[in-house]
Structures are given as C-alpha cells and as structure tokens.
Amino acid sequence: DWSEVKIKRPFINLDEEAIEYQVANFMTLSCPSILLFNDFSDLLPDKILISDLENDNRQAEWYNAVRNLEKLLTRSFVDISKLTNSQKNSTISMEVDSISVTFQKDWKQKVYWENDVKIKFSIENDNVWWQAIPTVFFYIETKDNVLLEPRKRSQWMIWFLSAWLELKSKENNSKSLIILYDEPWLYLHIKAHKDILWVFKYLTKEKGHQVIYSTHSPSLIDIETLYSIWLVINTKTEWTLVEWLTSSKIDTTNKEDALQPISEAMWLEPLKDFS
C-alpha cells in the first residue's frame with residue numbers, strides 16, 4: 001500500500017530539464033578533470049593578436065597556452081592593452097613584464113640543468129598589411145639577460161615551460177587530474193625524455209594525478225613499471241585494439257612493431273631475446 005510508505009528522502013523533481021541538470025551536476029562533481037596537452041596547440045607562442053583574445057577566438061593558433069599564462073597574471077592581456085592604449089593614445093606599448101618559472105619548486109628538480117626561467121611579454125602594435133594591430137609578444141630571458149622569442153629557444157625549453165603553464169593554471173583545482181599527452185616531444189634529447197619521465201612520476205606520486213601518454217620512444221618507457229604499459233595495435237580486420245603487454249590475444253607483425261621500443265628500452269636485441 002503506497003499510501004503507508006514513509007518517505008525519508010525528498011522526491012527528485014521528475015521534470016525533464018531538472019533531471020538533466022541534476023545528472024549533469026552529479027557527473028561534473030563526481031568525474032575527474034581530464035586535461036589533454038597537445039604539442040601542436042598548447043605551446044607558448046611568439047605572439048598572439050589582442051583581437052583573438054578579446055573575441056575569445058579559440059581557433060587562434062596557440063590560444064590555450066596564452067590563456068594558461070594569463071591565469072597567472074592579475075589582469076588579462078586585453079585589459080592591459082586597453083589601459084596602456086588609454087595612457088598612450090594611438091601607440092600601444094608597455095614596459096616588459098615577466099613571470100618567473102621555478103621548476104625546482106614545483107617539480108622538485110631542475111629541467112635540463114636550468115631552474116629559474118623568466119617568461120616576459122610586451123604589448124605593442126604589430127604592423128601587418130600596413131595596419132598597426134595590437135599584439136602580445138612573448139620572450140624567454142636567457143642567462144645573459146637577452147630576450148628571445150620562444151621559437152628561438154630549444155624545443156625542450158618550450159615543451160617544459162608550456163607543460164608547467166598548463167599545470168600551474170589548474171593548480172587551484174581541488175580535483176585530481178587525468179592528464180593526457182600525445183607523443184610528448186618525440187624528437188627531444190634523451191636527457192629531456194628523462195626529465196619528462198621524472199615529472200610524470202612526480203605528478204602521479206606527489207600530486208595524485210593520473211598520467212596517460214602515447215609514445216614510440218624507448219627513452220620514454222620506464223622499464224621498472226612495465227606493468228603499466230598497454231599496446232595499441234591497428235589491424236585490418238579488428239581495427240584498433242588495446243591489450244596488456246603480457247597478454248597474447250594478438251600475434252601479428254603489428255604487435256612486433258609495438259613491442260620494438262620496449263625491447264630497445266630493455267637493451268635487448270630486437271625481439272630475439274623477448275620471452
């Protein structure tokens with residue numbers, strides 16, 4: 001008899017929109033935050049147009065990296081440009097401002113023998129097609145206090161700086177992160193690969209995040225944690241398959257190719273010594 005059932009919890013409003021909102025809110029609160037770091041869109045640029053930031057043009061090249069940097073400032077680049085423009089009429093320029101990056105403080109290590117790095121920026125008119133267009137210019141200061149555009153510094157420096165900015169911008173997020181890296185700078189020096197592995201271990205063990213990355217590079221494979229490796233294999237009949245390193249579901253040439261970097265990481269003669 002439903003009339004005698006005592007309700008100890010409030011009813012959920014069965015209105016369709018209310019249900020959608022409650023489910024979405026529950027999922028937002030319950031699920032971890034997923035962060036994809038892309039070497040092709042999240043690296044610090046040499047410059048970006050103020051108009052792209054003002055119009056929130058997410059398709060602009062390097063947009064994400066600039067927004068990450070902006071989160072560490074007290075004001076947005078658009079606000080700074082407007083303030084500077086009002087002070088100096090038609091010419092936008094400003095004294096170079098900077099952000100100090102201390103790898104040893106945040107990652108407990110120096111990166112490629114460097115600890116303190118300064119990112120500097122200025123807002124000036126860039127002459128494009130005979131028009132003066134307000135633009136943010138970025139620089140990385142050398143040890144000799146010379147300002148160089150990011151693309152004039154080494155690739156490993158740009159990668160680590162951009163990864164630092166991405167994580168630093170999420171620092172106040174109380175949730176643990178699932179961080180995805182797609183081929184983290186395959187062509188970097190092997191020393192930089194070791195630094196990357198160290199940072200990944202720090203993010204998981206010290207910060208409680210989960211890191212998932214794809215690679216073909218033996219120097220990005222930690223042979224002490226082979227149990228954490230999954231093989232991703234493309235086949236003509238079953239498309240893309242994922243399996244544990246020690247499973248034997250698939251025995252194809254493609255699997256041999258997938259095992260090759262692991263064999264090299266273990267200093268084995270390619271596949272012949274692989275049990």
Side-chain angles (χ1 to χ4, degrees), residues 32-46 58-69 101 103 107 109 111-112 140 150-170 177-205 207 209-236 239-245 250 252-268 270-271:
S33 297
I34 298 176
L35 170 64
L36 171 63
F37 184 81
N38 190 324
D39 290 348
F40 299 101
S41 63
D42 297 331
L43 299 181
L44 189 67
D46 290 351
R58 297 176 183 271
Q59 302 304 314
E61 197 171 25
W62 320 117
Y63 175 89
N64 291 339
V66 175
R67 286 303 192 195
N68 288 334
L69 177 60
V101 178
F103 292 125
W107 290 341
Q109 73 156 4
V111 172
Y112 214 64
I140 298 173
R151 293 305 174 275
K152 292 183 180 178
R153 297 300 306 267
S154 62
Q155 290 182 329
W156 70 264
M157 169 66 77
I158 302 304
W159 192 93
F160 279 104
L161 273 179
S162 303
W164 182 89
L165 286 170
E166 182 76 67
L167 294 168
K168 198 71 175 177
S169 68
K170 307 291 190 301
L177 298 173
I178 295 178
I179 310 171
L180 310 178
Y181 293 95
D182 184 17
E183 287 284 3
W185 274 114
L186 177 63
Y187 302 107
L188 287 184
H189 189 278
I190 189 171
K191 174 62 174 68
H193 284 181
K194 291 180 179 179
D195 287 336
I196 289 175
L197 280 180
W198 202 101
V199 170
F200 287 173
K201 289 180 180 179
Y202 178 76
L203 291 174
T204 54
K205 293 181 179 180
K207 294 293 187 179
H209 301 314
Q210 183 176 2
V211 176
I212 302 173
Y213 66 97
S214 63
T215 185
H216 292 92
S217 174
S219 57
L220 280 173
I221 294 173
D222 183 3
I223 61 174
E224 294 182 4
T225 57
L226 291 178
Y227 53 81
S228 66
I229 296 177
W230 289 60
L231 300 178
V232 181
I233 304 167
N234 295 317
T235 66
K236 291 182 179 179
W239 303 102
T240 302
L241 299 175
V242 180
E243 69 173 40
W244 288 110
L245 175 62
I250 314 164
T252 65
T253 302
N254 289 342
K255 182 166 184 177
E256 290 182 3
D257 292 340
L259 288 170
Q260 187 72 48
I262 302 167
S263 175
E264 293 177 12
M266 298 175 70
W267 293 91
L268 298 176
L271 300 179

Sub-4.5 Å side-chain heavy-atom contact between [X] and [Y]:
X: Ile262; Y: Leu231; answer: yes
X: Thr240; Y: Val232; answer: yes
X: Arg151; Y: Leu43; answer: yes
X: Leu161; Y: Val101; answer: yes
X: His209; Y: Leu35; answer: no
X: Tyr63; Y: Asn68; answer: no

Review point. Once the angle between the rings of Phe160 and Trp156 is folded into 0 to 90°, is it parallel (under 30°), tilted (30 to 60°) or perpendicular (over 60°)?
Key: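 Phe160 vs Trp156 ring planes: perpendicular.
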Check your understanding: In terms of the angle between their ring planes, are Trp230 and Trp244 parallel, tilted or perpendicular, with boundaries placed at 30° and 60°?
Key -> tilted
Check your understanding: Rounded to the nearest 0.5 Å, how far apart are CD1 of Ile190 and CG of Asp195?
Key ->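 Taking CD1 in Ile190 and CG in Asp195, the distance rounds to 11.5 Å.
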Check your understanding: Taking atom CD1 of Ile229 and atom CG of Leu226, what is their separation to the nearest 0.5 Å?
Key ->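 It comes to 5.0 Å.
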Point to revise | Expected output: side-chain Thr215 to main-chain Ser217 donor-acceptor under 3.5 Å | key: yes
Check your understanding: Is it true that a side-chain atom of Ser214 and a backbone atom of Glu183 form a donor plus acceptor pair closer than 3.5 Å?
Key -> yes
Practice item. Could you tell me whether the side chains of Asp42 and Ser162 share a donor-acceptor contact shorter than 3.5 Å? Key: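 Note: Asp42 and Ser162 side chains miss the donor-acceptor criterion.
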Exercise for review: May I ask you to check whether over 12 heavy atoms, not counting those of Lys168, lie within 6.0 Å of atom NZ?
Suggested key: yes
Exercise for review: Only one of Trp164, Phe200, Tyr181 passes ring pair (Phe, Tyr, Trp, His ring centres under 6.0 Å) with Phe37; say which it is.
Suggested key: Tyr181
**Study point:** With Arg153 via salt bridge (charged side-chain N to carboxylate O under 4.0 Å, His left out) - residues at least two apart
**Key:**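 In terms of salt bridge (charged side-chain N to carboxylate O under 4.0 Å, His left out), with neighbours along the sequence ignored, Arg153 is linked to Glu114.
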**Study point:** Lys/Arg N to Asp/Glu carboxylate O, Lys152 vs Asp46, below 4.0 Å
**Key:** no
